[in-house]
Amino acid sequence: MSGLARAFLYAGARAILVSHWPVRDDAAARLTTQTLAALGSGSRLRRAEALRLAMLDIMQDKDDPSLAHPSAWAPFVLVGEGGY
């Protein structure tokens, strides 16, 4: 875990969404906003499930088939409490 990720957790963040390598800005923005939208929608999704659903949506985008490639969505992981 990077020092920056650790700093967020020490500061009180329960979970953070991180990337293992540099990613496309459009994919990162979309994955982040869709994950947070799913969590804020009133559904009782767990963080990891919201991230999984956002990944699936990106992979199935017919307007931009390049997003199906794992380099667009695979580097993202939840660190911390992903199940809550």
Side-chain angles (χ1 to χ4, degrees):
M1 178 178 359
S2 77
L4 186 57
R6 192 173 298 116
F8 276 103
L9 294 173
Y10 287 151
R14 290 181 284 166
I16 56 174
L17 181 62
V18 298
S19 172
H20 285 292
W21 58 79
V23 295
R24 291 172 39 178
D25 288 342
D26 61 335
R30 189 165 157 191
L31 190 85
T32 303
T33 56
Q34 287 184 350
T35 300
L36 293 174
L39 290 172
S41 68
S43 66
R44 303 200 32 112
L45 287 178
R46 294 176 177 222
R47 292 181 186 107
E49 179 65 9
L51 175 60
R52 186 184 79 81
L53 291 174
M55 288 176 169
L56 289 172
D57 186 63
I58 286 175
M59 283 186 262
Q60 297 166 358
D61 186 340
K62 302 226 185 298
D63 293 330
D64 188 353
S66 69
L67 290 172
H69 192 277
S71 66
W73 51 268
F76 293 95
V77 295
L78 280 169
V79 177
E81 299 174 5
Y84 299 100

**Q** Taking all non-hydrogen atoms of both residues into account, name the closest pair between Ser66 and Ala72 and its distance.
**A**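 So the two residues come closest at O-CB, 4.5 Å.
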**Q** Return the CG to OG1 distance between Leu17 and Thr32, rounded to the nearest 0.5 Å.
**A**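 Interatomic distance, Leu17 CG to Thr32 OG1, rounded to 0.5 Å: 5.0 Å.
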**Q** Got a second to check how far Leu31's CG is from Leu36's CG, nearest 0.5 Å?
**A**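 One finds 9.5 Å between CG of Leu31 and CG of Leu36.
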**Q** Tell me the closest heavy-atom pair linking Arg47 and Arg14, and the distance in Å.
**A**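 Minimum heavy-atom contact is NH2-CZ, 3.7 Å.
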**Q** Show the nearest heavy-atom pair for residues Leu9 and Gly80, with the distance to one decimal.
**A**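 Minimum heavy-atom contact is CD2-CA, 4.5 Å.
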**Q** Nearest heavy-atom pair of Val23 and Ser19: which atoms, and what distance?
**A**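 Closest pair (atom of Val23, atom of Ser19, distance): CG1-OG, 3.4 Å.
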**Q** Are any of the side-chain heavy atoms of Phe8 and Val79 separated by less than 4.5 Å?
**A**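 Contact flag for Phe8/Val79 side chains = no.
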**Q** Between Asp57 and Gln34, what is the shortest heavy-atom contact and its length?
**A**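 Minimum heavy-atom separation between Asp57 and Gln34: OD2-NE2, 2.8 Å.
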**Q** So, do Leu67 and Trp73 sit near enough that their side-chain heavy atoms are less than 4.5 Å apart?
**A**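 Not touching, per the 4.5 Å side-chain cut-off.
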**Q** With rounding to the nearest 0.5 Å, note down the distance linking CD in Glu49 to CG in Leu39.
**A**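 Output value for this atom pair is 10.5 Å.
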**Q** Taking Ile16 as the starting point, is it possible to reach Tyr10 by hopping between hydrophobic residues whose side chains are less than 4.5 Å apart?
**A**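 Tyr10 does not cluster with Ile16.
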**Q** Among Leu51, Leu53, Thr35, whose side chain to side chain contact (heavy atoms under 4.5 Å, CB included) with Leu45 holds?
**A**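 Exactly one pass, corresponding to Leu53.
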**Q** Any salt bridge linking Asp64 with Arg30? Criterion: basic side-chain nitrogen under 4.0 Å from a carboxylate oxygen.
**A**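 So Asp64 does not pair with Arg30 through a salt bridge.
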**Q** Of the non-hydrogen atoms in Pro75 and Trp21, which two are nearest, and what is the gap between them?
**A**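 Here Pro75 and Trp21 meet closest at CB-CE2, 3.4 Å.
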